Structures are given as C-alpha cells and as structure tokens.
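Report on the structure given below.
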Amino acid sequence: MGFATDAIHAGQHPDLETGAVITPIHMTTTYAQEELGKNKGYAYGRTSNLTRQSLEANVAALEKGKYGIAFSSGIAAINALMSLVKAGDHIVVSDNVYGGVYRLFENFLSDYSLEFSWVNMNNLQNVVDAVKPNTKIVYAETPTNPMLTITDISELAKICKERNLISIVDNTFMSPYFQNPLLLGADIVVHSSTKYLNGHSDVIGGMVVTNSDTIHKRIRFVQNAAGAIPSPFDCWLTLRATKTLAVRMKQHNENAIKIAEYFRDKEYIQKIYYPGLSDHPDHELAKKQMSGFGGMISVDLGDAEKAKNFLKNVKIFTLAESLGGVESLVCHPATMTHASVPKVERERLGITDSLVRLSVGIEDVEDLILDIENAMK
Ligand SMILES: *Cc1c(COP(=O)(O)O)cnc(C)c1O
C-alpha cells in the first residue's frame with residue numbers, strides 16, 4: 001500500500017461489535033476473565049490495550065517495520081532502548097542530539113555505569129574511531145537538531161553490522177513520510193511522536209519501531225516492566241493524527257522551502273541551515289536518503305540582541321519549545337531546547353546566542369513570510 005493509504009488504515013479495522021469505523025478509546029485498566037487462566041489476550045492495561053496496539057501497528061507500517069512499541073514520551077522510548085545494554089557498556093552518540101537526550105545520557109544514565117562518546121556523525125570515520133571493545137549501540141539523530149547536519153544512515157548501518165553493534169536512528173525530524181531508516185539498514189527507529197507524528201501539539205509520546213524479534217521482545221518487556229506507557233486517549237489522538245501525516249508533511253516541506261528561499265538573499269541573515277537548499281553542505285546526501293527536507297529551519301542572525309527582538313516581534317510564529325505541529329513555532333535553542341548543553345559545547349556545534357530555530361507550520365506561507373518580514377524590521 002502507499003504511504004497515505006497505510007497512514008489512514010494500517011492497524012485499524014471497523015469495531016467487531018458495532019462496526020464503528022474509528023478505533024475506540026479503550027479506557028479500561030483491567031479486563032474481565034472468563035475463568036481462571038482464561039482471558040481474551042488482555043489482562044491489565046499497562047500490559048495491553050487495543051487502542052495502543054492499533055497505534056503501534058499503524059506507525060510500524062509507516063516506518064516499514066514489523067513491530068511498533070509506544071511510550072509515554074520520546075525520552076521514555078529512548079530510555080527504554082538503553083535497556084538493550086548493561087552497566088559497563090559503551091554507546092556512541094551524535095554530538096548534536098536533542099538537548100533532552102544529552103541530559104538523559106550524560107546527567108542520568110552515566111550514573112548507572114553506561115559510558116557515552118559524543119562524535120560528529122557527519123563524518124563516519126569518527127564513529128569507527130570511537131568504537132571500543134565494550135561498544136554496543138550507535139545512536140544517531142539525522143538531520144540533527146538544531147543544526148540540521150545529516151548522517152549517512154546506510155553507511156552508518158553498514159559500519160554497525162560489520163562490528164555487531166545495534167544502530168538506532170532518531171527519525172523525529174523527518175517523520176516516516178520523508179525518511180525510513182529501517183529501509184536504509186538501521187536496526188531501530190525511534191520517534192518523539194510529540195512532534196510530526198502527532199503534529200497537533202497536544203500529546204507527548206514516543207515510538208520505537210524495529211524488524212528484529214529479539215529487540216522487540218526486550219523492548220516490549222521493558223514497556224511493561226518499567227511501565228512508561230501512553231494513555232489510551234493519547235494513543236487515540238496520535239492515531240487520528242497519523243491519518244493526515246502525508247498531507248501535513250507535504251505542506252510543512254513546501255512552506256519551509258519557500259521560507260528558506262526567502263531567507264537566502266536577506267542581508268540580516270548571517271547563516272541559514274536547511275538541507276533543502278542546494279548550497280547546504282549535505283544537500284546531496286539529504287536527497288539520497290530523504291524524499292523531502294521537512295519543516296525545520298535554523299538561521300543565525302549574527303547578533304543576540306537581533307535574535308531577541310525577532311523572537312519578541314513575530315506574531316504568527318509562537319515563541320515556544322517543541323516542533324512539528326501544524327502551527328508555526330520559533331525558539332532560541334541556546335536558552336531553551338539546548339540550555340542543558342554546556343556553553344562551550346554549544347558554541348562548538350554552532351548553537352550561538354544569535355541562532356533561531358523555526359518549526360514551519362502549515363499556515364498560508366504568504367502570511368508566514370510577511371510575519372518574518374515585519375518582525376525583522
Ligand atoms: C522532542 C524530541 C525528543 C524527546 O521527545 P519527548 O516526546 O519530548 O520526550 C527526542 N528527539 C528529538 C529529535 C526531539 O525533537
């Protein structure tokens with residue numbers, strides 16, 4: 001099936017009892033058992049829930065994977081993935097990941113004897129060089145947040161397969177509509193479904209997709225054992241949202257391309273980061289592994305005061321954390337999403353105090369451009 005057809009139908013069927021076309025919200029913690037040891041495959045809400053199963057099957061289909069496992073947040077999903085390793089193991093990570101992932105690994109999991117190395121995965125030799133005898137996982141985010149550099153997923157997967165390492169790709173920025181890491185050879189794809197998958201800025205959620213029976217078994221176990229499950233209502237909202245993922249992503253992409261082109265010749269922009277521009281250093285690689293460039297743009301205004309004024313004066317773009325919703329948002333990574341990354345590290349990555357990140361929504365692009373133009377004046 002095509003993507004849009006799967007998005008609307010995969011994992012769902014009319015309700016067996018009533019014919020209801022839309023999957024019901026199974027708000028129940030427990031299930032009646034017919035007799036001792038006999039139930040319909042459902043015993044307790046943390047362990048199994050039909051609304052959640054529908055969402056898991058739906059997103060698995062969109063990522064071209066066999067298994068989907070839903071979590072209460074993207075961070076909970078990533079935390080669960082770290083249960084694939086044990087104390088003393090080593091993980092190689094993109095040096096420019098989502099700030100909360102940096103915090104999870106560096107300020108939390110490192111207390112439990114997991115060891116992390118941070119490397120620039122724009123050059124995969126850095127990954128090869130970082131691998132040690134106790135390395136078990138390579139964790140990549142591509143495009144990165146907020147610098148939008150790209151990692152070659154199929155090359156990375158090859159390096160990992162040769163060394164028997166598990167490769168994980170955070171595909172939050174592209175969504176399965178523009179990029180399918182499993183098809184490129186990755187072992188696991190993870191999402192903050194809070195962003196494009198849900199797309200309406202009203203649910204925090206996470207999703208893991210894999211083709212591996214062993215990985216699925218372990219993560220399914222952890223979902224129940226550690227218990228970071230999403231509520232049935234959140235699953236239902238996300239399931240409703242993925243139905244329009246194809247049309248939303250097309251519009252995010254179209255609007256972002258227009259805004260990036262608008263920025264291109266403006267003298268107040270010192271630097272623009274958008275992989276869809278032909279002079280972006282990773283444009284060719286982006287074209288090879290992505291079928292679009294998404295809705296995220298970062299611009300360096302060259303001056304922190306200018307950035308502050310811009311953020312204050314936009315009207316349609318809302319100053320807020322998060323991304324991937326239908327409404328346009330703008331943020332200041334240095335003090336917001338990436339505040340937990342030390343300043344020297346931020347500067348090295350290009351996350352200056354004058355960097356602004358736009359999450360381009362699906363409003364009329366003419367209005368968005370006018371809003372930017374007015375705020376810049
Ligand atoms: C937001 C985000 C996360 C964390 O997800 P939450 O749903 O906020 O817990 C992880 N990775 C990326 C790329 C993100 O943008």
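From a predicted model like this one, the values you see are computed outputs, not experimental measurements. Counting convention: from 1, in listed order, for ligands and their atoms alike.
A salt bridge (charged side-chain N to carboxylate O under 4.0 Å, His left out) check over residues 190-217, counting only residues at least two apart or in different chains, returns the pairs Lys66-Asp213. Within the structure, side-chain hydrogen bond (donor to acceptor under 3.5 Å, both in side chains) contacts touching residues 219-228 (residues at least two apart or in different chains) are Arg46-Asn224, Thr47-Asn224, Glu56-Arg220, Glu56-Gln223, His216-Arg220, Arg220-Gln223.
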Which atom pairs, nitrogen or oxygen on both sides, join ligand 1 and the protein at under 3.5 angstrom?
residue, atom, partner, partner atom, Å
ligand 1, 5 (O), Ser192, OG, 3.0
ligand 1, 7 (O), Gly74, N, 2.9
ligand 1, 7 (O), Ser192, OG, 2.8
ligand 1, 7 (O), Thr194, OG1, 2.6
ligand 1, 9 (O), Gly74, N, 3.0
ligand 1, 9 (O), Ile75, N, 2.9
ligand 1, 11 (N), Asp170, OD2, 2.7
ligand 1, 15 (O), Lys195, NZ, 2.7

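Between Glu373 and Met376, the closest side-chain pair of non-hydrogen atoms is not below 4.5 Å.
Phe310 does not carry Lys306 over the face of its six-membered ring by the limits of under 6.0 Å from the centre and within 45° of the normal.
In this structure, the separation between CE on Met174 and CD on Gln179 is 6.5 Å, given to the nearest 0.5 Å.
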For residues 156-166, tabulate all N or O donor-acceptor pairs below 3.5 Å that involve a side-chain atom, not counting sequence neighbours.
residue, atom, partner, partner atom, Å
Lys161, NZ, Gly185, O, 2.7
Arg163, NH1, Ile159, O, 3.1

